[in-house]
Amino acid sequence: MIPYLLRRVAGAVLVLFVLSIVVYAMFYAVPGDPAKLACGPRCNPEQLAQVRDQLRLDDPLPVRYWHFLQGLFVGQDFSTGTSVLHCDAPCFGLSYQNDQQVTELISQRLPVTASLALGAMVLWLLLGVGTGLLSALRRGGITERVLTWFTLAGTATPVFIIGLLLLMVFCAQLRWLPFPSYVPLTENPEQWAWNMLLPWTALALIESAKYARLTRSSLLETLADDHIRTFRAYGVSERAIVGRHALRGALPPVIALTALDLGSLFGSAMLTETLFGLPGLGQLLVHSVRTIDLPVVVAVVLVTGAAVVIANIVADLLYAATDRRVTLT
């Protein structure tokens, strides 16, 4: 286990290093003057030169990237004209819009996106795996047909349609739930859960459809294996066969898909966060792209990439834990 983890961590570091080079070059090597973006439209030549000196934009791109890496590992100093501002590691630089440290902006928004992603993941796994299990066990009946139509409808419906319907029904008409307004978990766990319930449900209904289809097909394939027929021949109960053996063998594909979805959700939650007014990384990325705030855009892309890499490492470990045929080499 330890050698495997060390190899995966080393591979993850290499992947993130290559990703940082590609992302940094993609955004900072494009035509345009970042100094004008940081200084604003009313910036005079003297102010523009000062900003260019503060951001070290006169240095070659490889030198600027080296300073960027230094900021990630040891921190970085920025001149504000009258004083020197130190940015602790990991430092992604300063926002062009308000000179605030990008790390602070991300640390303020990351708990919101993490709450949305993790809560929705729990719901979509419960709904998806449960629906797929029931559909596989009721194969050929009316239950399977109803669940199949449900999964098809969930796959085809955009998240903003479901989100709007949930808001109109449960907030505007029935008034069972408040209009979502993010409350930190540490301040009031009950209000945090109530305000996140609708965003969780909207995402879970969309995502659970493909998990139901994947669970059903994987479980049917596992139930047709030779060892399952052997258990039945020895008189093992169907409940024990499904719960202890078949379902465990059907879970690895679900785990792999969960890792991919959970990692990508950190960067693709823009629509859900905007619809429900959640101040997460998605909204931060949209605002930064609109205002061409390059340090924030680069930081959010790298954080999202790190989330995908970490989620895949965890998925491999869970894959081996659920499937005894898998060995970590």
Side-chain angles (χ1 to χ4, degrees), residues 100-101 103-134 150-151 153-154 157-212 215 251 254-255 257-287 300 303-304 306-308 310-311 314-315 318:
Q100 187 176 357
Q101 294 185 23
T103 307
E104 294 181 358
L105 292 173
I106 291 180
S107 62
Q108 293 169 2
R109 306 294 187 102
L110 185 58
V112 182
T113 301
S115 298
L116 175 64
L118 295 175
M121 181 196 70
V122 173
L123 277 183
W124 82 51
L125 284 177
L126 291 175
L127 290 174
V129 174
T131 302
L133 176 62
L134 185 60
F150 163 75
T151 56
T157 306
V159 66
F160 65 88
I161 296 295
I162 293 181
L164 287 175
L165 290 175
L166 291 175
L167 287 173
M168 288 189 296
V169 172
F170 291 100
C171 296
Q173 298 295 328
L174 300 177
R175 298 185 181 180
W176 288 354
L177 294 171
F179 283 93
S181 176
Y182 182 75
V183 177
L185 174 63
T186 54
E187 292 184 6
N188 192 323
E190 182 179 357
Q191 289 298 318
W192 168 80
W194 275 111
N195 281 277
M196 294 297 297
L197 185 57
L198 287 184
W200 288 342
T201 305
L203 270 180
L205 290 176
I206 296 294
E207 295 292 334
S208 62
K210 61 182 177 182
Y211 282 85
T215 302
L251 283 181
V254 177
I255 293 174
L257 182 61
T258 302
L260 294 175
D261 285 344
L262 182 61
S264 61
L265 190 59
F266 276 82
S268 61
M270 295 174 287
L271 188 57
T272 306
E273 291 179 356
T274 302
L275 177 63
F276 291 98
L278 300 176
L281 288 180
Q283 277 202 1
L284 178 63
L285 181 61
V286 171
H287 175 74
V300 173
V303 169
T304 302
V308 173
I310 293 173
V314 174
L318 293 176

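Only this structure's heavy atoms are used, side chains among them; waters, hydrogens and symmetry mates stay out.
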After noting the C-alpha distance and the side-chain angles of Leu281 and Leu284, does the key distance pass the side chain to side chain contact (heavy atoms under 4.5 Å, CB included) rule?
CA-CA 5 Å; Leu281 288 180; Leu284 178 63; 4.3 Å; yes
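Thr258 and Tyr211 make their closest contact through CA-OH, 3.0 Å (heavy atoms, listed as atom of the first residue, atom of the second, distance). Pro178 and Cys171 get closest at one heavy-atom pair: O-SG, 3.5 Å. In terms of heavy-atom proximity, Gln100 sits nearest to Gln108 at NE2-NE2, 3.4 Å. Between Ala204 and Ala120, the shortest heavy-atom contact is CB-O, 4.0 Å. Shortest non-hydrogen contact noted between Ser181 and Asn195 is N-OD1, 3.0 Å.
In this structure, CG on Leu127 lies 11.5 Å from OG1 on Thr215, to the nearest 0.5 angstrom. Between atom CG of residue Leu167 and atom CD of residue Gln173 there is a gap of 12.0 Å, rounded to the nearest 0.5 Å. Interatomic distance, Leu123 CG to Leu203 CG, rounded to the nearest 0.5 Å: 10.0 Å. For the atom pair CG (Leu118) and OG1 (Thr113), the distance works out to 10.5 Å, reported to the nearest 0.5 Å. Going from atom CG of Leu116 over to atom CE of Met121 covers 12.0 Å, rounded to the nearest 0.5 Å. Atom CG of residue Asp261 and atom CG of residue Leu125 lie 9.5 Å apart, to the nearest 0.5 angstrom.
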Name the atoms and distances for all side-chain donor-acceptor pairs under 3.5 Å in residues 185-192, with sequence neighbours left out.
{"unit_1": "Asn188", "atom_1": "OD1", "unit_2": "Glu190", "atom_2": "N", "d": "3.2"}
{"unit_1": "Asn188", "atom_1": "OD1", "unit_2": "Gln191", "atom_2": "N", "d": "3.1"}
{"unit_1": "Trp192", "atom_1": "NE1", "unit_2": "Ser115", "atom_2": "OG", "d": "3.2"}

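For the pair Thr131 (side chain) and Ala212 (backbone), a donor-acceptor distance under 3.5 Å is absent.
Under the side chain to side chain contact (heavy atoms under 4.5 Å, CB included) criterion, Val112 pairs with Tyr182, Leu278, Pro279, sequence neighbours left out. Residues satisfying the side chain to side chain contact (heavy atoms under 4.5 Å, CB included) criterion with Gln101, sequence neighbours excluded, are Leu85, Cys87, Leu94, Glu104. Applying the side chain to side chain contact (heavy atoms under 4.5 Å, CB included) criterion to Leu126, with sequence neighbours excluded, gives Val122. With sequence neighbours left out, the side chain to side chain contact (heavy atoms under 4.5 Å, CB included) criterion links Leu166 to Ile162, Phe170, Leu198, Thr201, Ala202.
Screening residues 107-127 for salt bridge (Lys or Arg N to Asp or Glu O under 4.0 Å) gives no qualifying pairs among residues at least two apart or on separate chains.
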